[in-house]
Amino acid sequence: MCRIVGAPRTLLPLLAALLQASVEASGEIALCKTGFPEDVYSAVLSQDVHEGQPLLNVKFSNCNGKRKVQYESSEPADFKVDEDGMIYAVRSFPLSSEHAKFLVYAQDKETQEKWQVAVKLSLKPTSAEQSVKESQEIEEIVFPRQWTKHSGHLQRQKRDWVIPPINLPENSKGPFPQELVRIRSDRDKNLSLRYSVTGPGADQPPTGIFIINPISGQLSVTKPLDREQIARFHLRAHAVDINGNQVENPIDIVINVIDMNDNRPEFLHQVWNGTVPEGSKPGTYVMTVTAIDADDPNTQNGMLRYRILSQAPSTTSSNMFTINNETGDIITVAAGLDREKVHQYTLIIQATDTEGSPTYGLSNTATAVITVTDVNDNSPEFTAMSFYGEVPENRVDVIVTNLTVTDKDQPHTPSWNAVYRISGGDPTGRFAIRTDPNSNDGLVTVVKPIDFETNRLFVLTVAAENQVPLAKGIQHPPQSTATVSVTVIDVNENPYFVPNPKIIRQEEGLHAGTVLTTFTAQDPDRYMQQNIRYTKLSDPANWLKIDPVNGQITTIAVLDRESPNVKNNIYNATFLASDNGIPPMSGTGTLQIYLLDINDNAPQVLPQEAETCETPDPNSINITALDYDIDPNAGPFAFDLPLSPVNIKRNWTITRLNGDFAQLNLKIKFLEAGIYEVPIIITDSGNPPKSNSSILRVKVCQCDSNGDCTDVDRIVGAGLGTGAIIAILLCIIILLILVLMFVVWMKRRDKERQAKQLLIDPEDDVRDNILKYDEEGGGEEDQDYDLSQLQQPDTVEPDAIKPVGIRRLDERPIHAEPQYPVRSAAPHPGDIGDFINEGLKAADNDPTAPPYDSLLVFDYEGSGSTAGSLSSLNSSSSGGDQDYDYLNDWGPRFKKLADMYGGGDD
């Protein structure tokens, strides 16, 4: 048996011990009884019961341990019983007399046998200190053993006591550890027991808050508690012997942390925003502000009250709004909300706990910003009664004028946006008014062309109203009206042909100079004195001309219906009419000439080539006629053979099949294979009729049994025309000429290549280069040079000869390569003669020097040259008695020299 005591008391434990000793001395074994061991269970609670709060535990004796019992409460809306017999609160409510007593039922799930027990709840004092004191004054709670007589035997009945919760104020100042209660078992008289507590706050996080003396069972708290962190601790006390064997069932200890007012109210938002329409009546809901307090909401510490500290601005009414002190709802209390006067109010809201006590309560403030929203209580008004504008005629999408209005409502809202409409003066719908979204102006725009000659002035009646109707009760008119005068400006317009297009019917074949019609244009500008001139714009066949003044159209060529420029018998020509206005304007018109057919085209045979067998059977040739004319100048056609040559009718016969087709057959039994030209006379049905003799080329060939030609030569190959043959011959001749020119060019190129072999660098060859000097002296006779140095190379004795294959064939044997003198960078003028003399000596000793290096260096050309000495090339000799034509054979590089000296006097 376990008990909780405060101060030592010996009466109850003594009685319980005596009863237990007497039972054990008797040696009788009590009989077990199924059901609740107690008739009434009691518990002491605070006034406020929280949802899920454990209240007490009822025990059910299940003797055989096989019964499955289900618990129920007579007040299921307020209390529920768990499977282990623990009673919990279903909802939060203040405990009153109506909740003081209820029943708990236990029912066997299998046998449906039912038991019941009463539960009695009582209130505890409200003062936290008094509750703690009374809990400490509980000196002893004993689990007595009650003896009852049942069937002649004594039965021991256990009773579980519900330990009242221990109430401990938060934020206690100590000293710590602070003793709370002492836990004892009545078996500690005979046994050495050890006590312990388990649960959150003891051996589970947060650990170490509660400790127990294992010997004395004294339970203590080690530090101040914070209800806002943990409001209730649920511990279990255990009693074991020194061997760790359990001697008592664990008991539940509930420690409630009593709230203290240690937290200020906190608004969910520091700034609250709300709106209210202007003109709202008193009592209109605006918004709700909410604050929370971390203290217990079921005590005065957490009960908040709201009030308005200030309102800005205070014009119109200093108390325009009020607030519900419990809910925080803000409503209007005065009339006169006008957005055009005050568009926003700022309220300072205060929340105070302890039900708003100014002495003990803690407070906090927040700001409520209330915006007065606009309603349409002002209609737009025109800034003027009349507006003016002008527009050129025939112009569209042109803004004529801007209509301006004023509206006191909030800009860019439906209550401010203006909608314009034309209520009069525009029956044909030539104008429209659209609203400028930025300025709210009405833009009068032309949407249909206006003709100055028809209307010179428009007077429009316009109205302006808002997108949304005026609010109820507003006395202003819903719209404003004004007039708009629009003047039309005359402009030069395009002349136009009437009708356009103009259609006339004429027979083809009209001769040049025939007047067809007069095609004139009209000038829509009746109030302008202007002249119109005409020109031709499009005439594909160049058949027509137009008089520039009166528009008379005359032919300048024969009209031909069969021309490719005529489509579906219609010929189209376009003309231009231009006025002399400022600026000049023009218009186009189309003349359509429907050409009537005349019989001006003779029919032709179709096809023009055919083939048949040497014998009349088994096939024949079907022919028809081609006539470019149309009915009635075309078919039906008449087909016939000419009288001459006589062999035509002797060899062939023609049979008319219908109006468009005829059949040509062999008249004789056999005709030798070959190409035959058969003239066919075809006559159309025109008035007068037109005949034509067409040639049908017929290939007569050997045929097989199916009537197909078996000759190798086809009519296509045999029937090549003269033009095709000439074209083929021309192609062959051109190809031969190209080949011949290519051969001549190749031979000439070989000759030039052979001539170039004598020269090392033909580009520097002095024989075909003309050297131009800026300034020349008086000639060789005026030069003070020693020309004796220009000696012939063959006068030099060779010391060495180049191997064959290395030197040129016409090159003389040479000495070792001489050293040419190097001229100083800035020589004295007197050294020029010495430099030239030294160069001449070096050149004479260097027979391999090419001619392009210096005019003083010569190649060895051999003896017996037909060209003679170069000394004959002087200005005093005409050279007319010499023949230089042989220079042409040396190649193009000597041609210029031959022209210079062999060209005669020129």
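Predicted model, so just to flag it, every value in this text is computed and none were measured. What you see below is based on every heavy atom in this structure, not just the backbone, and it leaves out hydrogens, waters and symmetry mates.
Within 6.0 Å of atom CD in Glu83, 12 or fewer heavy atoms from other residues, nucleotides or ligands are found, so the atom counts as exposed in its surroundings. Within a 6.0 Å sphere centred on CZ of Phe176, heavy atoms belonging to other residues, nucleotides or ligands number more than 12. Within 6.0 Å of NE2 on His343 lie no more than 12 heavy atoms contributed by other residues, nucleotides or ligands.
For Asn171 and Asp262, the side-chain atoms include at least one donor-acceptor pair closer than 3.5 Å. For the residue pair Asp407 and Asn466, a side-chain donor N or O sits within less than 3.5 Å of a side-chain acceptor on the partner. Side-chain N/O atoms of Gln107 and Glu72 include no donor and acceptor closer than 3.5 Å. No side-chain donor-acceptor contact under 3.5 Å links Ser317 and Asn319. With 3.5 Å as the limit, one finds a donor-acceptor pair spanning the side chains of Asp329 and Thr288. There is a side-chain donor-acceptor pair under 3.5 Å between Asp409 and Asn378.
When side chains are defined from C-beta on, Asn364 counts as touching Glu266, because their heavy atoms get closer than 4.5 Å. Inter-residue side-chain proximity for Leu103 and Val119 is flagged as unmet; no heavy-atom pair is nearer than 4.5 Å. For the pair Ile87 and Ser73, the minimum side-chain heavy-atom distance is 4.5 Å or more. For the pair Tyr88 and Pro54, the minimum side-chain heavy-atom distance is below 4.5 Å. Between Ile183 and Ile253 the shortest side-chain heavy-atom distance falls below 4.5 Å. Leu470 places a side-chain heavy atom less than 4.5 Å from the side chain of Ser379. The closest side-chain heavy-atom distance from Val197 to His238 is not below 4.5 Å. By the 4.5 Å heavy-atom criterion applied to side chains, Glu340 and Asp377 are counted as neighbours.
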TODO: Take Arg232 and Val254, measure what side chain to side chain contact (heavy atoms under 4.5 Å, CB included) needs, and give me the verdict at the end.
DONE: CA-CA 7 Å; Arg232 177 184 292 107; Val254 177; 3.6 Å; yes

Task: CA sep, side-chain torsions, deciding dist, call: Phe93, Glu51, side chain to side chain contact (heavy atoms under 4.5 Å, CB included) - done: CA-CA 8 Å; Phe93 58 91; Glu51 178 182 354; over 6 Å; no

TODO: Show your reasoning for whether ring pair (Phe, Tyr, Trp, His ring centres under 6.0 Å) applies to Phe210 and Phe233.
DONE: CA-CA 10 Å; Phe210 299 97; Phe233 293 92; 4.9 Å; yes

- [ ] Output, in order, the C-alpha distance, side-chain angles, deciding distance and verdict of side chain to side chain contact (heavy atoms under 4.5 Å, CB included) for Trp416 and Asn440.
- [x] CA-CA 8 Å; Trp416 178 82; Asn440 210 27; 3.3 Å; yes

Task: side chain to side chain contact (heavy atoms under 4.5 Å, CB included) evaluation trace for Val49 with Leu121 - done: CA-CA 11 Å; Val49 178; Leu121 305 177; over 6 Å; no

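By the 6.0 Å and 45° rule, Lys114 stacks over the aromatic ring of Tyr105.
Taking 4.0 Å as the cut-off between side-chain N and carboxylate O, Arg91 and Asp78 count as a salt-bridged pair. Contact check on Arg305 versus Glu355 returns a salt bridge, with a Lys/Arg side-chain nitrogen under 4.0 Å from an Asp/Glu carboxylate oxygen.
Between the side chain of Arg307 and the main chain of Asn325, no donor-acceptor pair closer than 3.5 Å is present. Judged by distance alone, the side chain of Ser172 and the main-chain N or O of Pro169 form no donor-acceptor pair under 3.5 Å. In terms of modelled atom types and a separation under 3.5 Å, the side chain of Gln311 and the main chain of Met320 share a donor-acceptor contact. Checking side-chain atoms of Asn263 against main-chain N and O of Asp293 turns up no donor-acceptor pair under 3.5 Å. No donor-acceptor pair closer than 3.5 Å links the side chain of Asp82 to the backbone N or O of Asp84. Listed for the Tyr360 side chain is no donor-acceptor partner under 3.5 Å among the backbone atoms of Asn301. Side-chain atoms of Thr275 never come within 3.5 Å of backbone atoms of Thr371 as a donor-acceptor pair (strictly under, hydrogens ignored). A donor-acceptor contact shorter than 3.5 Å links the side chain of Asp259 to the backbone of Asp296. A donor-acceptor distance shorter than 3.5 angstrom exists from the side chain of Thr284 to the backbone of Lys281, with no hydrogens or angles considered. Between the Glu170 side chain and the Met260 main chain, a donor and an acceptor come within less than 3.5 Å of each other.
Closest approach of Val247 and Arg187 over heavy atoms only: O-NH1, 3.3 Å. Listed here is the closest heavy atom pair of Thr354 and Gly361: OG1-CA, 2.9 Å. Among all heavy-atom pairs drawn from Phe321 and Leu347, the shortest one is CB-CD1, 4.0 Å. When all heavy atoms of Ala335 and Pro282 are compared, the pair lying nearest together is N-CG, 3.9 Å. Ala89 and His50 make their closest contact through CB-O, 3.3 Å (heavy atoms, listed as atom of the first residue, atom of the second, distance). Scanning all heavy atoms of the two residues, the minimum distance from Arg184 to Ser216 falls at CG-O, 4.3 Å.
The side-chain contact (heavy atoms from CB on, under 4.5 Å) search around Val372 returns Val276, Glu278, Leu337, Arg339, Tyr345, not counting sequence neighbours.
Residue Asp353 holds its CG atom at 9.0 Å from OG1 of Thr299, rounded to the nearest 0.5 Å. For the atom pair NZ of Lys223 and CD of Gln178, the computed distance is 14.5 Å after rounding to the nearest 0.5 Å. Atoms CG and CG, on Leu225 and Leu168 in that order, are 5.0 Å from each other to the nearest 0.5 Å. Atom-to-atom distance recorded for Phe36:CZ and Gln116:CD is 9.0 Å, nearest 0.5 angstrom. With rounding to the nearest 0.5 angstrom, the CZ atom of Arg264 is 15.5 Å from the CD1 atom of Ile292. The OG atom of Ser196 sits 13.5 Å away from atom CD1 of Ile211, with the distance rounded to the nearest 0.5 Å.
In summary, the aromatic rings of Phe102 and Phe79 are positioned with their centroids under 6.0 Å apart. Taking the ring centroids of Phe60 and Trp115, they lie under the 6.0 Å cut-off.
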